[in-house]
Amino acid sequence: MTGRSPRCRRPAALVSVLAAALALTGLTPPGRAPAAAPAAAAAPYQDPSLPVDARVDDLLARMTLDDKLGQMTQVERESLRPQSDLATYRIGSVLSGGDGTVSPNNARTWADTYDAYQRTALGTPLGIPMIYGIDAVHGLGAVRGATLFPHNIGLGATRNPALVESVGRAVAEEVSGTGIDWNFAPCLCVARNDRWGRTYESFGETPGIPASMTTYITGLQGERLGAGPASVLATAKHFIGDGGTTGGTDQGDTRLTEAELRAVHLPPFTEAVRRGVGSVMLSYSSWNGARLHGHRYLVTDLLKGELGFTGFVVSDWAAVDQLDGQPGFTAEEIRTAVTAGVDMVMVPHDYRRFLSLLRAEVTSGRIPVSRVDDANRRILTKKFELGLFEEPYADRALTGTVGSAEHRALARQAVRESQVLLKNEDGVLPLDRSAKLFVAGKSADDVGNLSGGWSLGWQGGSGDVTPGTTVLEGIRAALADPGRVTYDRHGHGIDGSYDAAVAVVGETPYAEMHGDRPGALGLDQEDLATLDRLKAAGVPLVVVLVSGRPLDIAAQLPDWDALLAAWLPGTEADGVSDVLFGDHAPSGRLPVSWMAGVAQQPVNDGDGKTPLFPYGYGLGYEEGPPPGPTPTPPPAPGPVPEACTAAFEVTGAWSGGFQAEVSVHNVSATPVDGWAVTWDLAGSAVSGLWNGSLAVDGGRATVRNAAWNGALEPGATASFGLTADGAPPPSPPLSCTAS
């Protein structure tokens with residue numbers, strides 16, 4: 001990728017020296033005001049050669065209680081009035097909400113804004129930099145001109161963790177180009193009911209896909225936090241179970257046993273912690289009636305204790321204020337959340353009242369100072385690891401990567417790989433480049449509809465919200481003669497002279513809360529009318545469905561000759577036309593089960609229901625439909641014995657069940673293309689598995705690699721995880737074979 005030159009953020013001390021020198025001539029550094037002067041004498045925490053732990057210890061010893069409480073506080077930027085309150089109240093973090101913006105809305109203005117707030121933060125006696133957060137959930141959606149990638153449900157359809165890591169790296173570069181250093185992504189929810197308005201934020205309905213897509217974290221942060229010019233703090237969200245609420249209700253109640261919660265919803269977070277994710281955001285939802293933001297067992301005992309998470313926990317937007325169901329912070333809400341394990345509270349508005357109540361709880365002893373110190377240690381550690389004390393300002397060398405041609409090319413590739421071909425009667429696809437085509441539908445020429453929520457606004461919006469390429473533009477560009485394409489949104493004017501009609505229909509943008517659909521999940525009346533007009537013309541009808549989830553289309557499907565699930569592709573929808581014309585054969589596979597009817601919800605892989613299209617389904621141009629999920633191929637004949645070893649580690653246990661992780665190590669001198677691990681279950685029964693495929697025979701379990709973790713270079717390691725009913729087997733001997 002471009003923009004990987006060494007960081008150009010200027011060290012705070014250097015900026016101060018330059019500012020002081022230029023002040024003698026009445027000048028200031030280009031594009032920024034003078035930074036605050038550094039402390040009179042360098043302190044150990046200001047010495048980058050020291051270990052991070054030592055720097056944190058030194059800084060903590062110098063901090064007042066107000067310094068510490070400020071670090072635990074995150075405020076929405078536009079609520080900081082005056083801006084100097086950032087320093088007055090020692091605020092540790094600023095965020096821009098889903099509708100937060102700057103004027104003019106471009107990357108340079110965002111970088112200027114970031115630097116202005118950072119200068120204010122550095123003006124405190126200890127000069128502790130702020131950390132700035134934003135929801136760049138499928139690209140830098142707040143910034144006009146940024147690259148918008150497919151939403152997670154589309155990325156899950158690619159089954160390509162390496163591609164997703166590249167997407168994360170590109171997003172990190174664009175985010176860093178605005179100065180922002182913290183992304184509230186990825187969402188690792190396991191969406192179990194398509195009525196939920198955040199289904200598109202999930203990579204898939206089984207834990208294996210979200211767990212495998214935690215490569216996005218590595219893309220954002222790098223191999224380690226702070227390594228390289230564009231390292232952005234990642235956030236695994238929303239811990240835990242938000243995709244499993246009853247009825248798919250946003251912020252609802254997930255009613256599961258602990259074993260079920262661990263089997264379905266915990267594995268992606270386990271993998272995120274293993275990858276070193278820097279922050280975890282809690283869910284608004286509840287588990288069996290108890291809100292997550294006050295759940296000490298899940299936050300402190302499970303996440304921080306059992307999983308060993310060493311980053312910091314942040315609340316969701318005003319979620320602490322929701323604990324008692326009444327508006328306005330109370331001391332009890334704050335005490336409950338902080339003692340449960342929340343390290344930083346996304347206030348986001350009434351920070352003065354929040355800090356006053358928090359201070360009273362600490363000084364009274366109801367919140368231990370040790371809990372405050374632990375929260376600060378976690379937050380400050382990440383700030384040091386990010387290099388914010390040395391390089392606090394926006395890296396202007398990366399500003400030009402926002403919306404770059406390279407990132408748009410990557411997004412187009414992600415769109416190609418995310419397309420799932422669900423029907424193709426008589427081989428109507430791929431389309432011929434010399435064909436005469438009629439294109440219709442409300443989303444054919446609408447970047448806003450194609451991008452969905454979290455795109456230039458929290459809920460997104462229809463229309464020309466940001467520069468991009470639409471499906472219609474991609475079709476016209478693909479034809480030898482663009483004049484052979486006729487477009488009418490509603491399908492008026494079509495006749496039998498066309499070789500085919502392409503209808504781009506589906507959902508219009510939405511996000512959390514507003515996106516819940518407790519009633520029907522079908523197409524709207526405009527779409528149905530448009531499709532009727534096209535079908536009446538008697539030409540082959542190709543439907544491109546733009547949606548954040550499966551829709552109830554079983555009744556209309558017989559009228560369609562081809563159906564392509566395009567999900568929410570973002571700004572580079574020419575990737576859709578690449579598939580329509582065969583430049584890229586469809587390779588996506590359903591990351592969710594496709595309902596046979598809305599009454600079937602929830603429908604998920606393995607629940608015994610018969611969906612319209614099963615989880616893992618997807619056609620190619622040269623093949624018939626797979627019978628179900630794409631199976632992992634068995635090892636090739638003649639497995640090489642003793643080419644790999646495996647180790648079984650119990651990572652958690654509870655009454656009636658346990659969780660374990662198995663690591664597979666290539667001990668040979670040559671690469672292996674696949675592996676299989678076998679062991680005696682000793683009376684236990686595997687109830688959940690991720691990063692592999694399971695077979696059980698005669699009381700013995702065999703797990704084979706998944707599609708993405710079978711190839712191991714000499715010395716390399718892969719892993720899979722499982723939950724099981726029964727007691728953990730005592731040090732089970734594992735047999736590992738590789739091919």
Side-chain angles (χ1 to χ4, degrees), residues 56 59-60 63 66-81 83-98 100 110 113-124 126-136 142 175-176 178-185 220-221 225-226 231-237 277-282 293 311-321 329 334 337-338 341-352 354-355 358 372 374-389 392-394:
V56 172
L59 180 53
L60 273 175
M63 294 170 70
D66 287 336
D67 288 327
K68 294 176 181 180
L69 301 184
Q71 288 300 304
M72 298 172 67
T73 306
Q74 186 178 57
V75 182
E76 205 280 325
R77 179 181 66 83
E78 295 178 1
S79 296
L80 274 169
R81 293 288 184 270
Q83 181 176 320
S84 59
D85 273 2
L86 182 62
T88 301
Y89 291 93
R90 308 292 197 264
I91 303 299
S93 182
V94 176
L95 83 149
S96 283
W110 277 92
T113 301
Y114 173 93
D115 282 355
Y117 279 84
Q118 191 65 282
R119 282 193 298 272
T120 302
L122 294 171
T124 57
L126 293 173
I128 302 174
M130 66 153 191
I131 185 171
Y132 199 120
I134 200 165
D135 287 279
V175 169
S176 294
T178 65
I180 295 171
D181 30 50
W182 183 8
N183 188 5
F184 302 139
L220 287 175
Q221 296 188 165
L225 199 59
S231 180
V232 172
L233 190 75
T235 308
K237 67 180 188 182
V277 69
S279 68
V280 168
M281 183 182 290
L282 300 183
H293 277 77
F312 65 90
V313 171
V314 63
S315 74
D316 209 333
W317 178 282
V320 172
D321 187 17
F329 278 111
I334 295 170
V338 173
V342 175
D343 300 307
M344 181 183 289
V345 175
M346 190 185 295
V347 175
H349 302 303
D350 195 358
Y351 54 91
R352 295 184 184 92
F354 168 75
L355 281 166
L358 176 59
V372 172
D374 173 60
N376 271 261
R377 179 175 296 280
R378 290 169 176 271
I379 295 165
L380 293 172
T381 295
K382 297 308 167 187
K383 289 186 175 184
F384 278 117
E385 289 176 351
L386 278 168
L388 290 176
F389 282 80
Y393 296 117

To the closest 0.5 Å, what do you measure between [atom1] ([X]) and [atom2] ([Y])?
| X | Y | atom1 | atom2 | value |
| --- | --- | --- | --- | --- |
| Y117 | Q83 | OH | CD | 4.5 Å |
| I91 | T120 | CD1 | OG1 | 12.0 Å |
| F312 | Q71 | CZ | CD | 10.0 Å |
| L86 | Y351 | CG | OH | 9.0 Å |
| M344 | N376 | CE | CG | 9.0 Å |
| L355 | F329 | CG | CZ | 9.5 Å |

Which atom pair, heavy atoms only, marks the closest approach of [X] to [Y]?
| X | Y | result |
| --- | --- | --- |
| S93 | W182 | OG-CZ3, 3.5 Å |
| A136 | A185 | O-CB, 4.1 Å |
| W317 | G97 | CZ3-CA, 3.8 Å |
| V232 | I180 | CG2-O, 4.3 Å |
| H349 | S79 | ND1-OG, 2.7 Å |
| G226 | S231 | N-OG, 2.8 Å |

Side chains of [X] and [Y]: closer than 4.5 Å at any heavy-atom pair?
| X | Y | result |
| --- | --- | --- |
| K68 | L60 | yes |
| L59 | L126 | yes |
| R77 | Y132 | yes |
| F184 | S279 | no |
| Y114 | M130 | yes |
| Y89 | T73 | no |

Tell me if a side-chain donor or acceptor on [X] pairs with a main-chain N or O of [Y] at a distance below 3.5 Å.
| X | Y | value |
| --- | --- | --- |
| E385 | L225 | no |
| Q221 | A234 | yes |
| T235 | V280 | no |

query: How about S315 and H293: does a side-chain donor come under 3.5 Å of a side-chain acceptor?
result: no
query: Would K382 and D343 pass as an ion pair if we require N to O under 4.0 Å?
result: no
Residues D85, R81: salt bridge by 4.0 Å N-O rule: no
Partner of M63 by side chain to side chain contact (heavy atoms under 4.5 Å, CB included), out of V372, L69, I128: I128
query: Under the salt bridge (Lys or Arg N to Asp or Glu O under 4.0 Å) criterion, do R119 and D115 qualify, and how do the steps go?
result: CA-CA 6 Å; R119 282 193 298 272; D115 282 355; 5.1 Å; no
